[in-house]
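Structure first, then comments.
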Amino acid sequence: MIKDKIWLSSPHMGGTERNYVTEAFDTNWVAPLGPNVTGFENDLEVYQGENTHVAALSSGTAAIHLALIQAGVGPGDEVICQSFTFCGTTNPVQYLGATPILVDSEYDTWNMCPNALKQAVEDRIAKGKKPKAILAVHLYGMPYKIDEIHAFAKTKQIPVIEDSAEALGSTYKGRKCGTFGDYGILSFNGNKIITTSGGGAMVCPTKEMKDKTIFLATQARDDAPHYQHSEVGYNYRLSNISAGIGRGQIEVLDKHIDLRRKMNHFYQDIFEHIDGVTVQKEKANHIFSNHWLSAILVDPAKTGGVTREDLRLALEADHIESRPLWKPMHLQPLCKDFPYYGSNVCETLFENGLCLPSGSNLTDQDRNRIKNSILKVFKK
Ligand SMILES: *Cc1c(COP(=O)(O)O)cnc(C)c1O
């Protein structure tokens, strides 16, 4: 008998989403605006904390695009980007005809290395071009070294775009990720910690920036009775149907974070007794990860030759999805000609890392299957 597939991370509805969507139908608010959009933005503002202003958008990628535009990025400019990330981080830089300057990670958080960042920025300035923005990412929900990176960005007066697409609910020194940068980005794609089926948001420090973001996201329409336009705009607003799903999802967000964190502990318990495998976890008390995805590093020199690929294939044979870590962007054909500053950290992580099933909807039965499948590989 073929068992049901266990997925890496699948949508997990809380139950009330359908009510918001039904209400949208009943009131005929089937449009990229309406009460659910406003309601979802309010919910996110309450969740993110004091003095946050949230604009709901069609995707996290769209949010990064609009952040780069507001940071003044244009053709020929350079933007510093964490190399170890999903292409949704770097693609918008290329939409604008700008060049991503790719930077390595460090081992604590797997995110942008403050030393490599410093080296990159100073070298670009020495070469005659000051980067227009820094795009740093909280990968898999793990907060990057915010104090170090933001303090450095401030000394150079370079705005920081905080890609918090994977880190909704993660905190740093008690404050929510997505609220530290000059621009904060969230994603509600299908596999993220909460989903609107597809969607994103920009977390803005001021009301003016939120208004500007919504203006750009609705074709930059000027205030006039007819359609009047003085600058290029985009069709990037979230629909009222999608926002309805988001309103229901927000109600269960903290519960789902708790369940994802339990998955991380589940893997810590398993691998505690297996040599050569480490689970990525918080390395300091002031860091709280939503553990969107739980990930491990496999060191074949210490596992008796078992590689992450051996483990991935064994899980796949048991109908369990796992996935190598993000392939660094500087190794992607798309970005191979862009400058890269680093010392082989994210390359090593990519080589040896694996994301394991992390969904908040996994059952005890699923966990047993995962555990047995893992133990089979290492029981030699
Ligand atoms: C998902 C993701 C994005 C893009 O978000 P979408 O909503 O899918 O466009 C950007 N950056 C990172 C790190 C992501 O994981």
Side-chain angles (χ1 to χ4, degrees), residues 7-11 32 40 44 54-69 79-96 100 102-103 105 109-112 133-144 146 149 160-170 177-178 180-181 183-203 213 217 234-239 242-243 245-246 249 260 280 289-295 323-330 332 334-335 346 349-350 353 355 358-359:
W7 301 99
L8 196 66
S9 174
S10 62
F40 187 43
L44 286 166
V54 175
L57 300 168
S58 53
S59 71
T61 309
I64 294 173
H65 191 187
L66 296 185
L68 290 164
I69 289 168
V79 175
I80 301 275
C81 299
Q82 182 166 323
S83 183
F84 196 40
T85 188
F86 173 56
C87 68
T89 308
T90 57
N91 272 337
V93 177
Q94 293 187 256
Y95 298 167
L96 291 164
L102 300 162
V103 166
S105 291
T109 71
W110 297 2
N111 294 313
M112 188 179 275
I134 294 169
L135 249 168
V137 188
H138 305 297
L139 221 55
Y140 305 121
M142 187 65 72
Y144 61 77
I146 293 176
I149 287 174
V160 178
I161 300 171
E162 189 191 351
D163 183 344
S164 201
E166 301 180 0
L168 179 60
S170 296
C177 287
F180 292 90
Y183 311 84
I185 269 61
L186 302 174
S187 167
F188 315 113
N189 208 340
N191 61 356
K192 297 285 156 69
I193 198 144
I194 63 167
T195 183
T196 57
S197 76
M202 177 140 41
V203 184
T213 303
Y234 301 83
N235 184 5
Y236 278 173
R237 209 62 169 121
L238 187 67
S239 92
S242 299
I245 303 173
Q249 287 273 279
R260 297 232 179 203
Q280 170 66 334
S289 171
N290 67 9
H291 284 310
W292 168 57
L293 293 185
S294 283
R323 191 181 296 155
L325 304 186
W326 296 122
K327 180 172 181 175
M329 291 310 297
H330 74 278
Q332 299 282 3
L334 174 68
C335 297
C346 62
L349 293 169
F350 172 61
C355 294
S358 305

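Note that the structure is predicted; figures quoted are calculated from it, not measured. Ligands are counted one by one from 1 in listed order, and the atoms in each one are counted from 1 as well.
Applying the 4.0 Å criterion to heavy atoms of Gly199 picks out, from ligand 1, the atoms 7 (O). Each of the following atoms of ligand 1 lies closer than 4.0 Å to a heavy atom of Ala165: 2 (C), 3 (C), 10 (C), 11 (N), 12 (C), 14 (C). For ligand 1 and Ser187, the ligand atoms under 4.0 Å from any heavy atom of the residue are 1 (C), 5 (O), 6 (P), 7 (O), 8 (O). Every atom of ligand 1 with a heavy atom of Ser59 under 4.0 Å away is listed here by number and element: 7 (O), 9 (O). Those atoms of ligand 1 that come under 4.0 Å of a heavy atom in Asn189, given as number and element, are 8 (O). Residue Thr85 approaches ligand 1 through these ligand atoms, each under 4.0 Å from one of its heavy atoms: 13 (C). Against a heavy-atom cut-off of under 4.0 Å, Gly60 is close to the following atoms of ligand 1: 5 (O), 6 (P), 7 (O), 9 (O).
Where the criterion is an N or O separation shorter than 3.5 Å, residue side chain and backbone included, Lys192 meets it with respect to ligand 1. Taking any N or O of Val137, backbone or side chain, none lies under 3.5 Å from an N or O belonging to ligand 1. At under 3.5 Å, a nitrogen or oxygen of Thr61, whether backbone or side chain, sits near a nitrogen or oxygen of ligand 1.
Nearest to atom 15 (O) of ligand 1 among the protein's heavy atoms is Glu166 OE2, 2.5 Å.
Taking the side chain as every heavy atom from C-beta outward, Met329 and Thr89 never approach each other to under 4.5 Å. Two residues are said to be in side-chain contact when any heavy atoms from C-beta on lie closer than 4.5 Å; Ser9 and Trp292 meet this criterion. A heavy-atom distance below 4.5 Å is not found between the side chains of Leu8 and Asn191. Residues Gln82 and Asp163 form no side-chain contact, since every pair of their non-hydrogen atoms from C-beta on lies 4.5 Å or further apart.
Of all heavy-atom pairs spanning Met202 and Leu57, the tightest one is N-CD1, 4.0 Å. Here the shortest heavy-atom pairing between Pro100 and Val93 reads N-CG1, 3.7 Å.
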Item to check | Stepwise ring pair (Phe, Tyr, Trp, His ring centres under 6.0 Å) test for Phe40 and Phe188 | outcome: CA-CA 12 Å; Phe40 187 43; Phe188 315 113; 5.1 Å; yes
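Relative ring orientation between Tyr144 and His138 is described as parallel, the plane-to-plane angle staying below 30° on a 0-90° scale split at 30° and 60°.
The shell of residues lying under 4.0 angstrom from ligand 1, judged by heavy atoms, excludes Gly198.
Phe84 has its ring centre no less than 6.0 Å from the ring centre of Trp326.
Evaluated by nearest non-hydrogen atom to atom 10 (C) of ligand 1, the leading choice among Asn191, Asp163, Ile185 is Asp163.
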